[in-house]
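Keep in mind that this is a model prediction, so the values were computed, not measured.
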Amino acid sequence: MSDAAGVVVLVGRVVFAAFFVVAAMGHFTRKEQMVGYARSVGFPVPALAWWPSGVWLLAGAVSIALGIWPDIGALIVGAWSIPTLWWFHAFWKVEDGQQKMTQMQLFWRNVTFLGAAVTLFGLFAALGDQLRYTLTAPLFQF
């Protein structure tokens, strides 16, 4: 991988991870809102919507941005996306048209995050030791 390509991938990693850092901070600072919403949608363990999910998101974001086993960070973000889109943005359960549209957009945003995370995992694993500007190489290498 060339230096220029490495910089492009680094910028993409940081930009992608930035969303999850901001989301994690929201989980840490808005406990009542996070737990209340989780409870309102019937999430089985609402307390997980607070600091545990914030730590999970922060771990994935830091891993991707700094390149500390970035393939694992991509899997962490992807794993977060699945229950989030299924439980928290289940637009098919919403009656109100405006809320349904909002939840559908959030659902597809999280599907996009899942797709990007899987793609990043594949990229990081395929590049292996050639992935530039990381603190460690990817754990998985194809």
Side-chain angles (χ1 to χ4, degrees), residues 1-94 96 98-142:
M1 169 180 268
S2 70
D3 286 342
V7 168
V8 169
V9 173
L10 173 62
V11 169
R13 287 177 11 221
V14 170
V15 169
F16 182 70
F19 172 87
F20 299 100
V21 170
V22 171
M25 294 303 113
H27 282 261
F28 294 136
T29 60
R30 297 192 313 258
K31 174 186 179 183
E32 299 304 322
Q33 183 181 0
M34 295 296 173
V35 173
Y37 186 65
R39 190 174 288 116
S40 76
V41 297
F43 190 68
V45 186
L48 290 178
W50 182 46
W51 71 266
S53 60
V55 169
W56 185 264
L57 288 170
L58 193 57
V62 167
S63 169
I64 292 167
L66 296 182
I68 304 169
W69 289 342
D71 53 335
I72 300 300
L75 290 178
I76 288 171
V77 168
W80 168 85
S81 298
I82 296 168
T84 301
L85 65 86
W86 185 258
W87 284 97
F88 296 99
H89 304 301
F91 64 89
W92 54 91
K93 295 179 181 178
V94 178
D96 177 68
Q98 187 69 28
Q99 280 296 319
K100 185 182 212 85
M101 183 182 300
T102 299
Q103 292 304 323
M104 185 182 296
Q105 291 170 338
L106 294 171
F107 175 89
W108 286 109
R109 177 200 67 186
N110 286 330
V111 169
T112 302
F113 287 152
L114 178 58
V118 170
T119 301
L120 285 175
F121 171 77
L123 173 71
F124 298 154
L127 287 173
D129 292 335
Q130 294 179 0
L131 182 61
R132 304 294 299 268
Y133 309 115
T134 62
L135 295 177
T136 68
L139 186 62
F140 295 98
Q141 296 187 29
F142 304 144

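Pairing each heavy atom of Ala17 with each of Ala61, the nearest pair is CB-O, 3.3 Å. Annotation for Trp69 and Ala137: closest pair CD1-O, 3.1 Å, computed over non-hydrogen atoms. Pro70 approaches Leu131 most closely through the heavy-atom pair CG-CD2, 3.7 Å. Summarising the geometry of Lys100 relative to Phe91, their closest heavy-atom pair is NZ-O, 3.3 Å, with the distance given to 0.1 Å. In terms of heavy-atom proximity, Ala24 sits nearest to Leu58 at CB-N, 3.8 Å. Here the closest non-hydrogen pair linking Phe140 and Leu75 is CE1-CD1, 4.3 Å.
Within the model, atoms CE of Met34 and OG1 of Thr29 stand 7.0 Å from one another, a figure rounded to the nearest 0.5 Å. For the atom pair CZ of Arg39 and CD of Glu32, the computed distance is 8.5 Å after rounding to the nearest 0.5 Å. Rounding to the nearest 0.5 Å places CG of Leu106 at 9.5 Å from CD of Gln99. A distance of 4.5 Å separates CE of Met1 from CG of Leu127, quoted to the nearest 0.5 Å. Atom CG of Leu57 and atom CH2 of Trp51 lie 13.0 Å apart (nearest 0.5 Å). Between the CD atom of Gln33 and the NE2 atom of His27 there is a distance of 9.5 Å, given to the nearest 0.5 Å.
Counting non-hydrogen atoms of other residues, nucleotides and ligands closer than 6.0 Å to CE of Met25 gives a total above 12.
Side-chain contact between Ile64 and Phe20 is absent, with no heavy atoms from C-beta onward closer than 4.5 Å. Using a 4.5 Å cut-off on side-chain heavy atoms (C-beta onward), Tyr133 and Asp3 make contact.
Remark: side-chain polar atoms of Lys31 are not paired, donor with acceptor, to backbone N or O of Trp50 under 3.5 angstrom. Using a distance-only test at 3.5 Å, with no hydrogens or angles considered, a donor-acceptor pair links the side chain of Thr119 to the main chain of Gly115. Arg132 places no side-chain N or O within donor-acceptor distance of the main-chain N or O of Ala5, the cut-off being under 3.5 Å. Between the side chain of Asp71 and the backbone N or O of Leu139, at least one donor-acceptor pair lies under 3.5 Å. The main-chain N or O of Phe88 is found under 3.5 Å from a side-chain atom of Tyr37 such that the two form a donor-acceptor pair.
Separation of the Trp92 and Trp86 ring centroids falls under the 6.0 Å cut-off.
Using bins of under 30°, 30° to 60° and over 60° for the plane-to-plane angle, the ring pair Phe43/Trp87 lands in the perpendicular bin. Between Phe113 and Trp80, the ring planes lie tilted relative to each other; the angle falls in the 30° to 60° range.
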